[in-house]
Amino acid sequence: MNETYYQQVQLPSGTVHVYAGDTLFKELDYKVFEMANNNLQIPNQVYMSYTPDVHVGVGTCIGTTAVWNTKDGYVSPSIVGSDIGCGMRVHLTNLHKDDLKEVKLRRKLVKVIEKYLPVEDHARGYFSDIRLEHVIKKGLHGLPKKYIPDGYTPRKATSLTHVERSKFAFDENALNLFPEQVWHRSHRQLGTLGNGNHFVEIQSIEIAEDQREIAEAWGLLDGQVVVMIHSGSRSWGGSVSQYCGSNITKMMRAEGLGTADPKLLFAPLTHPLAQTYVNLEYSALNYAVVNRHLIAYAVREAGKDVFGSKFEMTTLYDLMHNYAWEEEHEGQSFFIHRKGSTRALPANHPANPEPYMSTGHPALIPGSMGTASYIMVGSPTGRANFYSICHGAGRIRSRSATKKLVTLNEFSSSLKVGTDDEIVVNQRSLESILDESPQAYKDVDQIIESVIGAGLAQVVAKCKPMATVKGAK
DNA sequence: ATGTCC
């Protein structure tokens with residue numbers, strides 16, 4: 001049987017391009033098409049698509065790529081979503097999975113990570129030597145030098161080239177809109193994980209046979225231990241969404257703009273409120289990149305405590321799956337929104353950072369708890385979808401429904417609790433994160449199969465969880 | 001996802 005991995009769905013307001021295998025497609029909630037129909041009513045849109053992990057969100061589905069031409073474009077805070085700049089980071093260590101064979105050692109590592117990375121108090125990561133204003137304005141370039149250690153990339157450079165973008169420039173006047181309290185809270189939250197689906201995970205990797213050449217170029221080794229981080233812009237991005245969202249809502253009401261969904265917000269890029277939003281959105285992208293960088297810094301400190309000063313943790317890559325920005329393709333400027341959608345550029349695309357120009361950059365895709373994550377690379381045929389792939393497994397069940405359905409025993413057994421292969425979790429009570437059990441999510445392997453089948457990307461390495469650090473409310 | 005309020 002020939003499986004289809006892509007189809008165009010015609011709706012009254014336009015076409016949504018759906019990248020999903022037949023099985024996943026059949027299981028899609030009709031509400032994702034209602035949402036698409038509303039989103040397609042925003043004027044001048046040139047392209048909209050769904051990834052195989054698409055699911056209903058606020059105003060817009062998570063798993064959406066939505067594109068305008070910059071010259072007559074629109075920005076939608078709803079298509080970006082409220083966790084602006086949320087994304088992934090992977091660091092490579094000089095440990096082999098056998099070094100972490102003992103459950104006791106994995107427990108110790110998790111405990112020490114918690115010492116450097118506050119997970120109970122979400123606002124305890126006070127870095128008094130970091131000026132929040134500097135990192136908000138200059139991204140990673142606003143950090144004191146001590147946070148950019150030597151040997152931080154596989155090529156042992158101190159460069160900040162192993163990120164999607166190390167600094168987002170914007171009109172800084174927009175920052176005057178925020179009260180002191182927002183600055184204070186965000187300073188205290190720097191370097192904290194947050195909760196929900198955010199995590200730090202210790203994983204071991206398996207290289208995909210047909211991508212060994214790329215894996216080698218990236219410094220990946222079979223059985224290598226890696227650190228995967230998933231976090232965003234914390235309350236800074238939340239404040240941006242809230243502040244801009246309420247102003248744009250009022251403007252839309254006054255000007256009679258809108259769709260059937262009052263939670264779907266948008267404005268033409270030329271509107272002053274749209275410009276303020278884009279400026280503040282970029283400030284949140286700076287915060288998010290720095291936040292993940294500082295979380296990695298904390299894990300690195302913990303690693304040195306546990307394994308000694310020879311412990312290394314070099315940056316593979318940092319990239320995001322929630323944002324809107326300008327992007328050039330074949331000389332044309334587009335304004336691209338990705339919400340739960342990850343850019344995966346192929347080799348030689350000019351937007352690749354220099355170290356990844358000849359291979360394409362790593363695209364980092366998290367699975368759900370207890371399941372695999374993936375390090376992928378974009379394919380040239382991904383152009384059809386503006387080089388966008390999935391963001392993870394994709395939720396199929398609400399947090400409350402998951403808590404009703406899944407038992408603690410089922411959750412524990414998916415984490416292999418009590419066996420030698422136990423995926424050690426920091427939370428004393430799994431009950432506090434029961435809504436993150438794998439039963440709340442689609443099967444990530446099926447999602448990845450769809451992405452490959454559609455010709456969007458290839459797997460370079462599969463990452464298997466060994467220990468997970470989560471925040472919880 | 002988030003902080004805040006019920």
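Just so it is clear, the values below take in all heavy atoms, side chains as well, and ignore hydrogens, waters and symmetry mates. Chain A is the first sequence line, chain B the second, and so forth, proteins listed ahead of strands; every chain is numbered from 1.
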Whole angstrom value for the distance that separates P of dA1(B) from CD1 of Ile62(A): 8 Å
Mind checking Gly196(A) for me? I need base, sugar-phosphate or nothing, with any heavy atom below 4.0 Å counting as a touch. sugar-phosphate
Side-chain N,O (Arg234(A)) to OP1/OP2 (dA1(B)) below 4.0 Å: no
Write down the distance between CG (Asn322(A)) and P (dA1(B)), rounded to a whole number of angstrom. 10 Å
Tell me the interatomic distance from Ile84(A), atom CD1, to dA1(B), atom C1', rounded to whole angstroms. 11 Å
Check every strand shown and say whether Ser82(A) touches a base, only sugar-phosphate, or nothing at a heavy-atom separation below 4.0 Å. base
May I ask you to check whether Tyr147(A) and Asp129(A) show a side-chain donor-acceptor distance below 3.5 Å? yes
Rounded to whole Å, OH of Tyr323(A) lies from C1' of dA1(B) at a distance of 19 Å
May I ask you to verify if any side-chain N or O of Arg185(A) is less than 4.0 angstrom from the OP1 or OP2 atom of dT2(B)? no
Toward the 5' end of DNA chain B, which comes first, Gln181(A) or Asp83(A), by nearest nucleotide? Asp83(A)
When rounded to whole Å, the NE2 to C1' distance for the pair His230(A) and dA1(B) reads 10 Å
Aromatic ring proximity His349(A)/His361(A), centre distance under 6.0 Å: no
Are the ring centres of Tyr356(A) and Tyr317(A) closer than 6.0 Å? yes
Rounding to an integer number of Å, can you tell me how far Tyr243(A) OH sits from dT4(B) C1'? 20 Å
Do the side-chain N or O atoms of Asn195(A) get closer than 4.0 angstrom to the phosphate oxygens (OP1, OP2) of dA1(B)? no
Can the ring centres of His230(A) and His321(A) be said to be less than 6.0 Å apart? yes
